[in-house]
Structure formats: structure tokens, C-alpha cells
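Letters go in sequence order (proteins before strands), and every chain restarts at 1.
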Amino acid sequence: MSEEKSLNFIEEIISQDLASGKYASILTRFPPEPNGYLHIGHAKSICLNFGLAKHFGGKTNLRFDDTNPAKEEIEYVDSIKEDVKWLGFEWAKECYASDYFDQLYLFAVQLIEKGLAYVDDSTAEEIAQQKGTPTVPGTGNAFRNRSIAENLELFAGMKAGKFADGEKVLRAKIDLASPNMHMRDPLLYRIKRAHHHRTGDAWCIYPMYDFAHGQSDSIENITHSVCTLEFIPHRALYDWCIEQLGIYPSHQYEFARLNMTYTVMSKRKLLQLVQEGFVESWDDPRMPTISGMRRRGYTPESIRDFCERIGIAKRENIIDFSLLEFCVREHLNKVAMRRMVVTNPIKLVITNFDKGEEILHSENNPEDPNGGTREVPFSNELWIERDDFMEEPTKKYFRLGPGLSVRLKSAYIVTCESFEKDDAGNITTVYATYNPQSKSGQDTSGIHVKGTLHWVSAKHAVSVLLNEYDRLFNVEDLSSADGDFKDYINPSSLNRVNAYAEPALANDPLDVRFQFLRKGYFYQDTKSTKDKLIFNRTVGLKDAWAKEQKK
RNA sequence: UGCCUGAUGGUGUAACGGUAGCACAACUGUUUUUGGUGCAGUUUGUCUUGGUUCGAAUCCAGGUCAGGCAACCA
């Protein structure tokens, strides 16, 4: 086990920090704001933060960045915890920025006492205007020169609820001419009368991200605070706060967020998809949310494998959706139970089979020698796929056609004798004879056929509903597509089809992963019941024949 | 027209001055009671111009392109 896997740039930094003795052990954190559901982009961050700790023998905190009560809800807190656990990670401590509100308030007072923060009565518009632009320095205002005593009194007044929402803010006094806009006297506290999901109505002032995040890291003694690229300009302020307060020096490092082809990754856009009814819910199996992917049948293993394979770097990226599909196929191929399901049926009558019915056995998983077998009833009337019969077969067609023979999976070799059509010219029934010497596992017929078909005995068939999903959008790169992203929604991202399934399926436990032979991987939907079985297609099988036909 | 990031096959990601490798995708062939899986193989790449060096994807300088930064959001 000495695979020399190269380290990503963050692992590189950590291993140097550990080697130099800068830290004895590391502590990371995953810090979501509980204002929505987690998606595959968060999974990248989760796997990174928890993975870093695991790799270097450290720990990871789960911290909710709950400093904006207007957007946050307990429902999201619960879903985030569920998703992180489902992905297979355990956090050392469950923390909340709101747990530090008292401490953060004291930090702000300290800054005021050092003459490094002031209360500003300006409106949001005035402040924005006074900040200047990236190329024009900002200008100060009279409030910037308030005395320490006055600032102390006013800030206490803000906390005590003496002022209306938006009437005053606390600002850091740094540099209005800084080339970094975030250093132009950033806001530290705002007055906002909103009910907080944890602190209730105890506070009417709340710290801004920049005054909460770094200090929360510091309070928890986070060694490596990893976030995405857009926070790079915030780092100067992150460091400034820690330095002025003289507290534990956590450090921030940034990596590029995940983008994927054929989907969107922003909470805002995902929320729109839900609210405007393009999908059913946050856990709609078409959504790139963790809950949606779970419902669709993705496994935690496959998602972790995906996050491992995409790597960590600082350049913008867009990952092929096919990599995710590869990861889930690779895992499911090893663990999925094989079953036979027919979606677009035509009848296959075995004219010389007069035993009524016969119980056959079929392996649950050819990849797993210990996977066992299941019973599959065979009879003289079967359902097979319409696509598996061709009236006038082409040269490379290995399936059924007049005079052609195929193997019925785990059963017999049959030869097509004739067929029937309805008035519209559609094939309705195919007649065939079977070779009794060709029984699966004890074949003495000496016949060799190229094709093997899946099938379901008609009188034993169980009705099921299949949700066949396709990509949510029909352009690869949504970020470079003109106009509204909703214009590119794939109108046929969901195809519901009724199907006939072999009877074993009705008795399988709820959380079993399936491969419906020659169709794809399926997982029972959360809305599935004993009376109405519903399966979601996680991903299709690779289909060399479909490719061949396109040529 | 300021500051900050970044630029390696179609897509990702390595190579830390010394053979541009790996994965996905694509394409061949082979095996197969899933046109699945497995196995073998093929194709495709260092943004640009100079410089340093025996030697540059890597170091230096200029340019080009892409992304980010001016919410009482995180």
C-alpha cells in the first residue's frame, strides 16, 4: 500500500506545517449557512475538510454560520446534519456562530476601545457611495471621527434596541483608499430585528460574515480554514481582525468551487427550480442536492470517490457529468442486485413449452461469487422488450427476428418461428420454440447464440413504475450560456414508464440497490409502497449498441 | 482600466529545473448467458513573446485570455 499519491496544494501546506512543528495536530471545519440544502459542491468541501483531518490525524467541526436570521431555519440545520452523516462523516463538535454572539460583541467593544471601529449613521446608499469604486478611493464622513466614548455608548445603544433597523451600523476603521474594497471600513454589525432560530429575540444586532467567521475559527482553534476562491479578498480582513484582537491565529486557504456540466450549483438557482415548479422539491432526484442524489440512488461511496477524483486546485473548472456517472456505475456494479424488468413489452409465446411453469434460478450479482441466487418463474408466455425483436434484422443485430435464436437469460435458447401484428402494423406477439437441452447452467445443446435477452413471465409479472431521469439542462456549460438559465431546462428530464418486473422485486427490502438487466441501476423511490412500487433510475448502463445504431 | 486569482489533451488533475503521467470521455480489439463487467490498446496537451540555463510546463520580464472584488448576504 505504498501508492505515492501526490498531495494537493492544501495537503502540501498542512504537511509542511506539521513537519515544521507549527502545529501538533490540525483542526478543520465545515461551515455551512443553514439557508438551504447541501449540494454536490458542498460535498466537495465536506470531503476536503473531513478528508484533510482524516489524512493528517486531526478533527473537523461542523459549524453553522448562522449570522443572518432572516434567511436561516432549523429545517436546514437538520437536513445539513443528515446529509453530512449520510456521506459518512463524523464531526468532533457541533458549533454555531450564534453560540459566540456574546464573545463577538465583546470583540467589537475591544475594537472600539482601540479606536478601530465606529458607529456610522449613514444609509446603505451613502456608505456605498462613500466607498468609492475599485479605481476611485473612498471618502470618509464625520461619523468616522466620533470619540471612543461616544462609539461605546452608541454601540451599547444599538445592542439595547434604542435604534431602528438600519439606523446605524458598526464599521471597522481601516483604510478608505485601500485597493481591496473589503478593507474600506467594512461593516461589522447591523441592526436587524428578526427571530433567530437559536437565540430567538435575544439580539437585535447581528455580526456580519467578516466579523464572525474568522473569529469563530479562532475561538474553536481551527488551524486551517478552507473556503472557496471568492473569499480571497476577504482574507486580508480575516487576518486584520485576528491580529487587532490578538486572538488565536487561524489561517484561511482557498480552492476552486465545483462546477458540473448540465447542471447549476447555486442555492439561489436551485431554489428557483423548486419554487417555480421545474422540479418537485429539494430532494427531486434530478437535483444536484445531496438529498436529491440520495433519493435517486447515488451511494455515499460513489460521491466520496467522485470528490476524490475531481481533485483540489485553484483554477476554475467544470467537471464532466460523465465522471459522476462513472463513479456511481463502478460502485453499483459491485453491489447491485440483478433483476429483470421489461418496459416496452411484446408477448413472446413458447409454443413447445407444455410444463405450465418452471422455477429457474438466476445469480443476484455476477461480480459477487457469494451473492447467491433468486428464483425466477418461467412459463410459456413471457414479456420481452419491443426493441429486442426486429422484423427485418440488420447485419449486426444479435437479437430476435424471424428464424433467429437467442438465449433467454438464465433460461433457454429460443428460436423465433413467426410473429403477429395488429391493424396498425405493430408487432404484438412473437412465437418461438425453446430447446430443452439448452437450460442455463446445464446446456448440452451445443448451440451458440450471440444475444441474451431479459424477460418476465407474463402471469407472474409485477407491475412497477419507473422514473427514468435525464440531465436537467440541455447545455453543457450554463455559466457561458446567454440569457436566463431556465431557458435551457431539458423538458424531458423525467420519463415515467410502467413496466413488468419479475416477482422477486416485490419482496426485496426497501433500500436495496438494483441493476435491472440491460437497462440501468435503480433505487426504490421514497414514495414507493407495497401496492405501488416505484423505482428511480440512478444511471443507465453503458450502451454500445445504442452508439452503434447512431452511426 | 485599480487590486486579487488563475492558464497543462474534449474534461479534470499530476510532474516541486532533468523521459509531460493518471483518470474520465472518445475510438479499436478481445472476453462474456447483461451489446453490462473485465482485459489489451489507440488518439489528443504545456496561452504567447522574449530571457536565464547544458536543460524550462516549472525560474524571470512583457503581453494575451479567463474569473473574482465596490450586499446592512454568506
Between protein and nucleic acid, restricted to nucleotides 42-44 of chain B and to nitrogen or oxygen atoms under 3.5 Å apart, what atom pairs and distances do you find?
none

Distances for protein N or O near nucleotides 70-74 of chain B N or O, under 3.5 Å:
residue	atom	partner	partner atom	Å
B:C72	N3	A:G166	O	3.4
B:C72	N4	A:S122	O	3.1
B:C72	N4	A:G166	O	3.0
B:C73	OP2	A:R190	NE	3.2
B:C73	OP2	A:R190	NH2	2.9
B:C73	OP2	A:K192	NZ	2.9
B:C73	O3'	A:R190	NH2	3.2
B:C73	O2'	A:N68	ND2	3.1
B:A74	OP1	A:T67	OG1	2.7
B:A74	OP1	A:R190	NH1	3.4
B:A74	OP1	A:R190	NH2	2.9
B:A74	OP2	A:Y209	N	3.0
B:A74	O4'	A:E33	OE1	3.4
B:A74	O3'	A:D65	OD2	3.2
B:A74	N6	A:H234	NE2	3.1

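For A:H182, the side chain to side chain donor-acceptor pair (under 3.5 Å) test picks out no residue, with sequence neighbours left out. Scanning for side chain to side chain contact (heavy atoms under 4.5 Å, CB included) contacts around A:T199 gives A:S98, A:F101, A:H196, A:W203, A:Y206, with sequence neighbours left out. Every residue two or more places apart in sequence or in another chain that forms a side chain to side chain contact (heavy atoms under 4.5 Å, CB included) with A:K267 is listed here: A:N35, A:H42. For the side chain to side chain donor-acceptor pair (under 3.5 Å) test, no residue two or more places apart in sequence or in another chain qualifies with A:S20. With sequence neighbours excluded, no residue forms a salt bridge (Lys or Arg N to Asp or Glu O under 4.0 Å) with A:K44. Residues meeting the side chain to side chain contact (heavy atoms under 4.5 Å, CB included) test with A:N365, sequence neighbours left out: A:R338, A:E367, A:D368. Listed by chain and residue number, A:R63, A:A97, A:Y100 satisfy the side chain to side chain contact (heavy atoms under 4.5 Å, CB included) test with A:S216 (two or more places apart in sequence, or in another chain).
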Per-nucleotide protein contact string for nucleotides 5-18 of chain B (B base, S sugar-phosphate only, - none; heavy atom under 4.0 Å): -SSB-BSSBS-B--
Summary of protein contacts for nucleotides 30-39 of chain B, nucleotide by nucleotide, where a base hit scores B, a sugar-phosphate-only hit scores S (4.0 Å, heavy atoms): ---BBBBS--
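Across the C1' atoms, B:U32 and B:G36 are found 10 Å apart, a figure rounded to whole Å. Using P as the reference atom, B:C16 and B:A57 are 12 Å apart when rounded to the nearest Å. Taking atom P on both nucleotides, B:G67 is separated from B:U58 by 24 Å, rounded to a whole Å. One C1' atom belongs to B:A20, the other to B:G55, and the distance between them is 15 Å to the nearest Å. Using atom C1' as the reference point in both B:A71 and B:U8, the two lie 37 Å apart (nearest Å). Only the P atoms considered, B:U49 is 49 Å distant from B:C73, to the nearest whole Å. Atom P of B:A40 sits at a distance of 15 Å from the matching atom of B:U31, rounded to the whole Å. Comparing B:U34 with B:U48, their P atoms are spaced 49 Å from each other, to the whole Å.
Here A:F522 and A:F514 keep their ring centres 6.0 angstrom or further from each other. A distance of 6.0 Å or more separates the ring centres of A:Y238 and A:H234. Taking the six-membered ring where the residue is Trp, the centroids of A:Y298 and A:Y523 are separated by 6.0 Å or more.
If you measure from atom CE of A:M183 to atom C1' of B:C4, you get 13 Å, rounded to the nearest angstrom. Atom-to-atom, CZ of A:F321 to C1' of B:A26 comes out at 19 Å; the value is rounded to the nearest Å.
Paired with A:F64 under the rule ring pair (Phe, Tyr, Trp, His ring centres under 6.0 Å), one option of A:Y96, A:Y76, A:F30 passes, and it is A:Y96. Only one option out of A:D165, A:T67, A:N68 pairs with A:K192 in a side-chain hydrogen bond (donor to acceptor under 3.5 Å, both in side chains); it is A:N68. Between A:D120 and the options A:K168, A:R144, A:R171, A:R146, a salt bridge (charged side-chain N to carboxylate O under 4.0 Å, His left out) holds for only A:R171.
Cation-pi contact between A:R471 and A:F321: absent, since separation from the ring centre below 6.0 Å together with deviation from the ring axis within 45° is not met.
Aromatic ring pairs are classed by plane angle as parallel below 30°, tilted from 30° to 60° and perpendicular above 60°; the pair A:F378 and A:Y434 is tilted. Between A:Y500 and A:W383, the angle of the ring planes stays under 30°, which puts this pair in the parallel group of the 30/60° scheme.
Sequence order on RNA chain B of the closest nucleotides to A:T135 and A:L324 puts A:T135 first from the 5' end.
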Dot-bracket pairing map - RNA chain B, Watson-Crick plus G-U, both contacts under 3.5 Å, | cross-strand: .((((((..((((....[..)))).(((((.......)))))....(((((..]....))))))))))).....
